[in-house]
Q: 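Could you have a look at this structure, given as structure tokens, before my questions?
Lettering of chains follows the sequences in order, A, B, ..., and the numbering in each one begins at 1.
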Amino acid sequence: MSYRIASWNVNSVKARLSHLQTFLSKTIPDVLFLQEIKGETLPEISVEYHAVYKGQKTYNGVAILSRIPVSPILQNLPGDDLDEQARYLEVEWQNIRLINIYLPNGNPVETEKFNYKINWLNRFIKRLDELRGARIPFLIGGDFNIIPEDKDCYDPEIWKKDALYHPEIVKKFRSILNLGLTDAFRVFNSAPETYTFWDYQAGAWPRNRGVRIDHFLTSPTITDRLINCTIDKTPRGWDTPSDHTPIIVEISE
DNA sequence: ATGGTTGGAAGCCAA
């Protein structure tokens, strides 16, 4: 037996309610991470799922839907009491800490937004190091807004000037991996041009000019349990889609 | 080389 956990930046739950319901009934994941719910509260999505969320008016917002109840542990990333952006949700599920993140975009580079992304990453690394030190198994999923390497985007030279692939940001991503974590998708698929996000503009989707920025990272004992990790491109092709498509990870029970 | 699109909000900002 195995569990399947999915993650999807829906770019507004309200605007994507029917897509969400279609995805849930087709895929039936045990857990679904949502990012950019774009509301203070979460509307009823499915009676089959329990929901915990951290919402915010207009921007951001993260939610976890689960077929079994989960216990909220943290609804904010520690380390900055003044940070009011809803981007972090940590829950206990089946003796695993599930961490849903909507990492800051960071554009434009050389602005306060870029600094916020760097600071957020530093706080995040600190939190993960705490969990590691406490020997707590964890699985991180979400919209990282980080391109790990050249083959995860259509034109590396262009993207290096963007906060999604800025060398300073990529270095932080490597620091996260160096805590002993694994990019679950790359365990099963080494193909380039496999993306999770395509801009609404300039025909990015039909031309497959995308980026792989949505990820699942696993701590060592969860890495040992990995069965598969796939990107489901179908929802990106639906009418009035989110600009992101879901990623799904499967682990043994 | 530039601009193109979408969602949420009621201005434009964020992506």
Q: What residues form a salt bridge (Lys or Arg N to Asp or Glu O under 4.0 Å) with A/Glu92, not counting sequence neighbours?
A: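 Per chain and number, A/Glu92 pairs via salt bridge (Lys or Arg N to Asp or Glu O under 4.0 Å) with A/Arg97.
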Q: Can you list the residues that meet the salt bridge (Lys or Arg N to Asp or Glu O under 4.0 Å) rule with A/Asp183, with sequence neighbours excluded?
A: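 Counting only residues at least two positions away or on another chain, A/Asp183 forms a salt bridge (Lys or Arg N to Asp or Glu O under 4.0 Å) with A/Arg212.
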Q: C1' atom, B/dA9 versus B/dA15: distance in rounded Å?
A: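 My reading of the C1' atoms in B/dA9 and B/dA15 gives 15 Å.
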Q: What is the per-nucleotide protein-contact pattern of nucleotides 7-15 of chain B, from the 5' end, where B denotes a base atom under 4.0 Å from a protein heavy atom, S denotes such proximity for sugar-phosphate atoms only, and - denotes neither?
A: BSS----SS
Q: Please measure how far the C1' atom in B/dG11 lies from the corresponding atom in B/dG7, and state the result in whole Å.
A: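 The same atom, C1', in both gives a distance of 15 Å.
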Q: Does A/Ile147 sit in a hydrophobic cluster with other residues, and if so which ones, taking ILVMFWY side chains as linked at heavy-atom separations under 4.5 Å, directly or through other members?
A: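 Joined to A/Ile147, directly or through intermediates: A/Tyr154, A/Trp159, A/Leu164, A/Tyr165, A/Val170, A/Tyr195, A/Phe197, A/Trp198, A/Trp205, A/Val211, A/Ile213.
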Q: Can you sort out the partners of A/Asp224 under side-chain contact (heavy atoms from CB on, under 4.5 Å), two or more places apart, ordered by chain and number?
A: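 In terms of side-chain contact (heavy atoms from CB on, under 4.5 Å), with neighbours along the sequence ignored, A/Asp224 is linked to no residue.
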Q: Run the side-chain contact (heavy atoms from CB on, under 4.5 Å) test against A/Val109 and tell me which residues pass, sequence neighbours left out.
A: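 For A/Val109, the residues satisfying side-chain contact (heavy atoms from CB on, under 4.5 Å) (neighbours in sequence not counted) are A/Asn107, A/Phe114, A/Ala163, A/His166.
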